[in-house]
Amino acid sequence: MTDLWGLDDAALVPTPLGRDGANEPGVDDALLDGLNPPQREAVLHRGPALLIVAGAGSGKTRVLTHRIAGLLSTREAWPSQILAITFTNKAAGEMRERVSALIGDEARGMWISTFHSACVRILRREAEQFGFKQSFTIYDSGDTRALVKRLIKDSGSDTLGLTPGGTASKISKAKNDLHDVDSYRETANLSDPREQAFVEIWRRYDHELRRANAFDFDDLIGQVVYLFRAFPVVAALYRKRFRHILVDEYQDTNRAQYALIRELTQGVPAHTLPDQRGEIPGASLTVVGDSDQSIYAFRGADIRNIVEFERDFSDAKVVLLEQNYRSTQHILSAANAVIKHNFDRRDKNLFTTEGDGDMIVGYTGYSGHDEAQFVADEIVSLQTTGMPWSQIAVFYRTNAQTRALEEILIRSAIPYKVIGGTKFYERAEIKDAMAYLVAVANPDDAMSLRRILNVPKRGIGPATEAALQSFADEHDITLRDAMRRVDELGFGPKVTGAIRTLATLLDAHSQAENPDPGSVLADLMGRTGYLDQLRASPDAQDAARAENVEELIAVTREFRKANPNGSLIDFLTEVALVAAADELDDSEGQVSLMTLHTAKGLEFDAVFITGVEEDLLPHRISANEPGGPAEERRLFYVGVTRARKRLYLSLAMTRAQFGEVTVAMPSRFLQEIPAELIDWRQSPGFVNGRGGSQSRALNARQGGARQGALGTGAAPRSMGRYPSLPEGEKKAFPNTIAEVRDNSGLELVPGDRIRHKDFGEGRVSAVTGVGAKRVAEVQFDAVGKKRLLIKIAPIEKL
DNA sequence: ACGTCAAACTTTTTT
DNA sequence: AGTTTGACGT
């Protein structure tokens, strides 16, 4: 097995070329500059299949871009013959840029995209081949859930205990395993009434999707595989075209994606070619991955895809990249130590030549808020030493953990952005507006139509909606057609008029020739009175909703600016396929907050992993899933290896969940890290002991500058409760501060004494910023220095 | 048809 | 704790 590591000299000799028989591709030396031996080998190898086992931070993106650049610069491949699959759209954009930077404009014409984007592209081209229209739209998980929910209710299956979420994810799982209803049915236990109901729901779900001219996420992959298998001529088209296929994050591919790769890399037999001659060999496949970073088993990722690569693809070459160029040795040692506890893996040791670096910092808070305060204090002190906000990230296992973090970050005047999570596009008003756009772009989609039928209020209630739907079903027409024929339904004049007005408005936009999405949306939101209604509402939240809709209009305008010919369909597709990590904008000076899953593939100078507790990381639910705990460990490993220079691990003794406070234990992963690597600012040790040591731990508090014993009476008080923000403030758009507690009139100058609700008394040492963003730096008597956003801080001048 | 109030559920991770 | 669903009254 040692030869697989590619570290001995023999491995440096390039393998003979499969393509034109030359011994070594004439890759320019400049493209190999600064690459270590295995990296070079990964760039230079030519053959049918190459697996690059790339440990975290080992420069795999560099290898991939240089490999592509090499293929292009030697004219071994035209740009159009290259298909590179990345995990996010952002990664795709970066890869394209880096290839361009290496070899210039030639990079245009390559397909570099995510699995889903590539499949949409293929499906749009070929939709008419198998009964879809080119204008199909994409159902996101929320849409899927809503549809499934309706089907369950209509069929009365809810009495059998079928839940929308469970059923939707079961369908998704089956589709990721490349099943369709019929193939699933054959393996299902149909004597179980629940299973029978499930199959029936699934069948109707697929039927509804097709009627709506829509695909769900999983269909995007699965239907392309189906398309290739059912139409060999179509498959031949793409097999001929893509000669070099490169797949990043291969350890997270699922069965459907694997099947897609297999389909694309097959050779083309002569008889399917136009002239019936000249068989075409299969494309060359390069995959990059690290089984230690496989964290998506829950959505069907199959680690066997990478483990058994050599068996699957004959003549496969394996190159191992082990040298890490990202993190300090202390961080790598911690990562190595933790991942070693997973058995059943090929042993691997990340190393660096860059030195030990700083110690890992540990902290145990009393509550989630206390932990968040530690994070905020450390972020401020990092920033004070010159680290930009954008180089700092806070990770967590569950999205629910953002709440406490956000509250404290806002108060500490730290600019931040939550990546992913409760997304902009999941807000009700945004979904409404998007439903209008879908209704215009894809008139067949009944679901978006149903959503907007009575939004804003038009007097069209459930009864009217049901009547429309049954009319549509009776005449075998779409819901939209039924609306056009509203006169035949015998509604009252008011309702009839409302429906006709809406149908006419939508039709006018549907028929326009490649309209500007921004103008369409602005017109719809204006003409329907949607915006006016929100603006006229006395509810302060509605004003914020109106602003969100205006924000969406701005987004559509931006889209048209970036894609001058971008259609409405293009816009909807782009929105449907954005990944959380695509929201990252490194030019902005903001701290990034995200889940550990979203963090995959990213890196930051300083990383905080929060909530390192049993039942949270590893998550409780994973304990009973096969391979669950091991996957949680990989997740932690992914988090640790994102850090370049500084790593912080924090936890809380108690955590609020479901409105109840639960006691938390330190995560097993903490014990797996050698103790000498962690500098505990406040150790979790006392959690086991209980009692006496607790006050010792309390006294050890106070972030960076340890100030020895505090008044034992004062300290516990200050850490316990953080009052929740006033109503309205929590609902505010992230990073905007609502007007509830308004201190903006409060004049502070250095030297003033103030009292803070939680921190006690202190003296203002500096005031910076203007207007709503004025920040006071305060030296508190008991808890040290803090930065406070004056406008909302619970403070008073003394 | 629509608004108000109590009850129930939620939180594992995502393209 | 916060959001969504159901029942009920107008």
Side-chain angles (χ1 to χ4, degrees), chain A residues 85-89 91 113-120 138-142 144 146 149 153 158 163-165 168-169 172-173 175-176 215-222 249 252-254 256-257 294-301 368 395-404 407 419-423 426-428 453-454 456-465 492 494-495 498 573 575-582 594-600 611 615-625 628 631-632 634-636 638-639 655-662 724-725 727 730-731:
Chain A
I85 300 290
T86 58
F87 205 66
T88 64
N89 298 296
S113 71
T114 62
F115 269 111
H116 289 87
S117 299
C119 286
V120 167
I138 300 162
Y139 274 29
D140 66 22
S141 339
T144 293
K149 185 173 179 182
K153 215 169 168 185
D158 41 349
T163 61
S169 78
S172 166
K173 241 185 156 65
K175 284 186 176 180
N176 282 327
F215 293 103
D216 65 22
F217 275 137
D218 308 307
D219 285 341
L220 296 178
I221 316 288
E249 307 285 7
D252 281 323
T253 50
N254 61 37
Q257 291 164 335
S294 164
I295 55 173
Y296 280 107
F298 72 92
R299 70 173 198 214
F395 301 158
Y396 36 81
R397 177 69 234 273
T398 67
N399 284 305
Q401 288 166 254
T402 52
R403 196 158 290 155
E407 277 179 30
I419 311 296
T422 318
K423 281 191 262 168
E426 280 165 22
R427 293 163 175 274
L453 215 46
N454 200 31
K457 300 260 179 294
R458 301 186 171 90
I460 305 172
T464 311
E465 181 193 312
K494 224 179 121 190
V495 172
T573 304
V575 169
L577 297 182
V578 284
D582 295 334
M594 68 190 82
T595 65
L596 285 160
H597 283 89
T598 302
K600 192 176 76 159
D615 290 346
L616 193 56
L617 182 61
H619 197 277
R620 173 194 320 231
I621 293 173
S622 72
N624 297 323
E625 289 167 357
E631 175 146 322
E632 297 287 307
R634 291 194 293 270
L635 193 53
F636 183 68
V638 165
R655 199 167 282 281
Q657 253 180 348
F658 299 99
E660 279 181 11
V661 177
T662 55
S724 46
L725 288 170
E727 194 51 39
K730 297 177 181 175
K731 310 239 163 91

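Chain letters run A, B, ... following the sequence lines, proteins first and then strands; every chain starts at 1. Just the heavy atoms: all of them, side chains too, but no hydrogens, waters or symmetry mates, feed the values below.
Contact check, A:Thr595 against B:dT14: a side-chain N or O comes under 4.0 Å of OP1 or OP2. Between B:dT15 and A:Thr88, no contact under 4.0 Å exists linking OP1 or OP2 to a side-chain N or O. Listed pair A:Ser622 / B:dT13 fails the phosphate criterion, with no side-chain N or O lying under 4.0 Å from OP1 or OP2. Of the side-chain N and O atoms in A:Asn176, none sit less than 4.0 angstrom from OP1 or OP2 of B:dT15. Side-chain N/O atoms of A:Asn399 include none lying less than 4.0 angstrom from OP1 or OP2 on B:dT12.
Looking at the side chain of A:Arg299, the nearest of the listed nucleotides B:dT14, B:dT12, B:dT10 is B:dT14. Comparing B:dT12, B:dT10, B:dT13 against the side chain of A:Glu625 picks out B:dT12 as the nearest. If you check B:dT11, B:dT14, B:dA1 against the side chain of A:Pro462, the one that comes closest is B:dA1. Side-chain atoms of A:Asn454 lie closest to B:dC2 of the nucleotides B:dC2, B:dT15, B:dT13. Nearest to the side chain of A:Thr464, among B:dG3, B:dA1, B:dT12, sits B:dA1. Nearest nucleotide to the side chain of A:Ala400, out of B:dT14, B:dT11, B:dA1: B:dT11. The A:Ser141 side chain lies nearest to B:dT15 when the options are B:dT15, B:dT11, B:dT12. Here the nucleotide nearest the side chain of A:Ala463, chosen from B:dA1, B:dT12, B:dT14, is B:dA1.
Without hydrogens or angle criteria, A:Asp216 side chain to A:Asp140 main chain gives no donor-acceptor distance under 3.5 Å.
By the salt bridge (Lys or Arg N to Asp or Glu O under 4.0 Å) test, A:Arg397 is found to be paired with A:Glu632, residues two or more places apart in sequence or in another chain being considered. Partners of A:Glu465 according to the salt bridge (Lys or Arg N to Asp or Glu O under 4.0 Å) rule, which considers only residues two or more places apart in sequence or in another chain, are A:Arg450.
Contact annotation: the side chain of A:Phe115 approaches that of A:Thr253 to within less than 4.5 Å [non-hydrogen atoms, C-beta and beyond]. Side-chain contact between A:Leu616 and A:Gln401 is present, with heavy atoms from C-beta onward closer than 4.5 Å. Within the 4.5 Å cutoff, the side chain of A:Leu577 has heavy atoms near those of the A:Leu220 side chain.
A:Phe217 has its CZ atom 8 Å from the C1' atom of B:dT14, to the nearest Å. Taking atom CD on A:Glu426 and atom P on B:dT11, their separation rounds to 11 Å, with Å as the unit. Put simply, CG on A:Leu453 is 13 Å from C1' on B:dA1, counting in whole angstrom units. Regarding A:Ile419, its CD1 atom lies at a distance of 16 Å from the P atom of B:dT13, rounded to whole Å. Whole-Å rounding puts the A:Arg634 CZ to B:dT12 C1' distance at 15 Å. Rounded to an integer number of Å, the gap from A:Arg427 CZ to C:dT3 C1' is 14 Å. The nearest whole Å value for the distance from the OH atom in A:Tyr396 to the P atom in B:dT13 is 10 Å. Atom CG in A:Leu617 sits roughly 14 Å away from atom P in B:dT12 (whole-Å rounding).
The aromatic rings of A:Tyr296 and A:Phe87 sit tilted, their planes meeting at an angle between 30° and 60°.
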Between protein and nucleotides 5-7 of chain C, what N or O pairs are separated by less than 3.5 Å?
from  : atom 1 : to       : atom 2 : distance (Å)
C:dT5 : OP1    : A:Lys149 : NZ     : 3.0

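As judged by a 4.0 angstrom heavy-atom cut-off over every strand, A:Glu465 is placed among residues making no nucleic acid contact. Counting non-hydrogen atoms under 4.0 angstrom, A:Thr114 reaches nothing in the nucleic acid. Residue-level contact check: A:Tyr296 touches the backbone only, with heavy atoms under 4.0 Å from sugar-phosphate atoms and none from bases. Within the nucleic acid shown, A:Ile460 comes within 4.0 Å of sugar-phosphate atoms alone, with no base atom in reach, counting heavy atoms only.
Of the residues near DNA chain B, A:Gly461 and A:Leu577, the one whose nearest nucleotide (by heavy atom distance) lies more toward the 5' end is A:Gly461.
Aromatic stacking of A:Phe298 on B:dT13: satisfied, with centres closer than 5.5 Å and planes within an angle under 30 degrees.
A donor-acceptor pair shorter than 3.5 Å cannot be found between the side chains of A:Ser622 and A:Glu625.
Rounded to whole Å, the separation between the P atoms of C:dT4 and B:dT13 comes to 16 Å.
Nearest heavy atom pair, residue A:Asn176 against residue A:Asn254, reads OD1-ND2, 3.2 Å.
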